[in-house]
Amino acid sequence: MTLRRVAIPLAALMAAVPAYAQFTTEAKVAVLREMDRVLAQEAFVPGVDLAEWRPFLRTKQEQLDGAETPHAFAAVVNSGLKEFGVSHINLSASRMRRRSWGSPPPFGLQSQSPVRSRFRGTGYKWIDDKTVVVRVSDFDRGYSRPQAERVFEEVRGASRLVLDLRSNPGGEVENMRHFLGLVLPENQPIGTFVSKRTAMRYIASGRGDGRDPVKIAAWANRKFTPR
């Protein structure tokens with residue numbers, strides 16, 4: 001299996017939001033300031049100059065000013081991210097209940113999967129007495145590690161294994177590592193994380209302009225393996 005996409009780990013984004021109903025201008029400024037910090041220091045999106053994000057977002061100023069709730073504000077920002085060319089970074093207004101002393105719901109930057117499969121979980125079917133097909137719907141909320149381990153225990157006698165990953169949109173890298181640990185040797189390199197720092201080191205090495213995550217991943221000496 002060749003990994004053509006690289007997961008981008010992002011730190012949680014927190015901003016102080018006042019504990020009253022209307023989402024104020026001050027709160028919006030605080031969220032965008034912290035979002036700028038995360039994008040500048042940690043995010044890496046191939047082919048996208050994140051330094052141009054804030055000037056681009058100014059074209060949405062009227063909509064940002066008109067957003068009166070965290071969820072409405074997040075919707076405007078996320079629409080802008082998509083239009084800007086960023087598909088896997090999402091500003092999320094949490095639905096968590098406020099604490100008893102009135103602390104506000106946090107904002108967070110989250111990676112998101114663009115497609116959801118109707119089939120959830122890990123299952124299998126026998127094609128003949130020697131061949132089994134194992135299907136995995138996703139590596140996000142639909143993936144259960146105990147369920148996957150149980151499936152492979154039940155198909156242990158198969159001579160031929162077919163992995164069906166059609167319509168699988170991806171998800172958590174650690175879940176993928178767990179799954180690959182069921183079919184690959186534990187010391188088999190399967191990929192690497194490409195972060196902003198890794199990309200900057202790659203550029204400093206003189207190997208390229210840092211726009212191709214596959215080349216950066218091949219150059220990076222720190223690889224991860226199945227769990």
Side-chain angles (χ1 to χ4, degrees), residues 1-12 42-48 78 81-82 85-90 92 108-196 198-199 202 208 210-227:
M1 179 182 294
T2 302
L3 298 179
R4 299 293 296 178
R5 302 178 65 184
V6 181
I8 307 172
L10 292 178
E42 302 180 36
F44 171 69
V45 182
V48 177
N78 290 333
L81 284 168
K82 183 177 181 180
V86 177
S87 63
H88 282 64
I89 299 176
N90 183 45
S92 175
L109 274 179
Q110 302 175 343
S111 63
Q112 60 179 358
S113 298
V115 182
R116 295 293 180 197
S117 172
R118 292 182 181 180
F119 172 83
R120 301 299 295 272
T122 304
Y124 68 94
K125 65 178 180 180
W126 291 91
I127 302 301
D128 54 44
D129 59 353
K130 294 183 178 180
T131 309
V132 67
V133 176
V134 173
R135 183 181 180 190
V136 186
S137 65
D138 66 85
F139 294 112
D140 198 2
R141 296 180 182 179
Y143 185 79
S144 166
R145 298 184 189 187
Q147 180 185 18
E149 292 169 7
R150 185 167 57 251
V151 164
F152 276 92
E153 187 65 31
E154 293 176 1
V155 303
R156 183 180 294 274
S159 300
R160 293 183 289 267
L161 170 66
V162 178
L163 297 181
D164 184 355
L165 300 177
R166 291 174 298 176
S167 300
N168 184 316
E172 293 290 337
V173 173
E174 288 304 307
N175 285 338
M176 181 195 68
R177 290 182 66 191
H178 173 268
F179 177 77
L180 291 179
L182 298 172
V183 296
L184 294 176
E186 62 180 10
N187 60 350
Q188 173 69 48
I190 57 174
T192 188
F193 284 110
V194 176
S195 64
K196 178 84 170 188
T198 306
Y202 177 81
R211 293 179 177 272
D212 190 334
V214 177
K215 291 182 179 179
I216 299 173
W219 167 84
N221 56 15
R222 184 179 180 182
K223 302 295 192 291
F224 61 84
T225 59
R227 289 178 61 88

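Both backbone and side-chain heavy atoms feed into the values below; hydrogens, waters and symmetry mates do not.
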(request) Could you list the residues that satisfy side-chain hydrogen bond (donor to acceptor under 3.5 Å, both in side chains) with Glu154, not counting sequence neighbours? (result) Tyr124

(message) For a quick test of reading the model, state the closest non-hydrogen atom pair linking Ile216 to Gly210 and the distance between them.
(response) CD1-O, 3.6 Å

(request) Enter the distance from Glu42:CD to Ile89:CD1 here, rounded to the nearest 0.5 Å. (result) 10.5 Å

(request) Mind checking the CD-OG spacing from Glu149 to Ser144? Nearest 0.5 Å is all I need. (result) 8.5 Å

(request) Quick one: list whatever passes salt bridge (charged side-chain N to carboxylate O under 4.0 Å, His left out) with Arg211, sequence neighbours left out. (result) Asp209

(request) Just jot down the ring-ring contact (aromatic ring centres under 6.0 Å, His included) partners of Phe152, sequence neighbours excluded, or say none. (result) Phe179

(request) Name all residues meeting the side-chain contact (heavy atoms from CB on, under 4.5 Å) criterion together with Ala158; count only those two or more places apart in sequence or in a different chain, and write none if there are none. (result) Trp126, Val132

(message) Using the side-chain hydrogen bond (donor to acceptor under 3.5 Å, both in side chains) criterion, which residues pair with Asp212? Sequence neighbours excluded.
(response) none

(request) Scan residues 174-186 for pairs that pass salt bridge (charged side-chain N to carboxylate O under 4.0 Å, His left out), counting only residues two or more places apart or in two chains. (result) Glu174-Arg177, Glu174-Arg227

(request) State, to 0.1 Å, how close Ser137 and Gly142 come at their nearest heavy-atom pair, and which atoms those are. (result) OG-O, 4.4 Å

(request) Report yes if some heavy atom in the side chain of Val151 is under 4.5 Å from a heavy atom in the side chain of Val134; otherwise report no. (result) yes

(request) Just jot down the salt bridge (charged side-chain N to carboxylate O under 4.0 Å, His left out) partners of Asp128, sequence neighbours excluded, or say none. (result) Arg160

(request) Would you mind reporting whether Glu172 and Arg141 have side-chain heavy atoms less than 4.5 Å apart? (result) no

(message) Going by the rule side-chain contact (heavy atoms from CB on, under 4.5 Å), which residues pair with Asp164 if we only count those two or more places apart in sequence or in a different chain?
(response) Val133, Arg135, Arg166

(message) Looking at every heavy atom in both Pro213 and Phe44, which two are closest together, and how far apart are they?
(response) CB-CE2, 4.1 Å

(message) Tell me whether the count of non-hydrogen atoms from other residues, nucleotides or ligands lying under 6.0 Å of NZ in Lys125 goes above 12.
(response) no

(request) Determine whether Val173 and Phe193 make a side-chain contact, defined as any pair of heavy atoms from C-beta on separated by less than 4.5 Å. (result) yes

(message) Distance check, rounded to the nearest 0.5 Å: Thr122 atom OG1 versus Gln147 atom CD?
(response) 5.0 Å

(message) When you compare the side chain of Met176 with that of Phe139, does any pair of heavy atoms fall below 4.5 Å?
(response) yes

(message) Just so I know, are the side chains of Leu81 and Asn90 near enough to count as touching, which here means a heavy-atom distance under 4.5 Å?
(response) no

(request) Kindly give the heavy-atom pair with the smallest separation between Gly85 and Val45, and that separation in Å. (result) O-CG1, 4.4 Å

(message) Show the nearest heavy-atom pair for residues Thr198 and Ala220, with the distance to one decimal.
(response) CG2-CB, 4.3 Å

(message) When you compare the side chains of Asp138 and Asn168, does any donor N or O come within less than 3.5 Å of an acceptor on the partner?
(response) no

(request) Quick one: list whatever passes salt bridge (charged side-chain N to carboxylate O under 4.0 Å, His left out) with Arg222, sequence neighbours left out. (result) none

(message) Could you check whether any side-chain heavy atom of Lys223 comes within less than 4.5 Å of a side-chain heavy atom of Ile190, counting everything from C-beta outward?
(response) no

(request) Taking the side chain as every heavy atom from C-beta outward, state whether Val162 and Ile127 have any atom pair closer than 4.5 Å. (result) no

(request) Please list, chain by chain and in numerical order, all residues satisfying side-chain contact (heavy atoms from CB on, under 4.5 Å) with Pro185, sequence neighbours excluded. (result) Asn187, Gln188

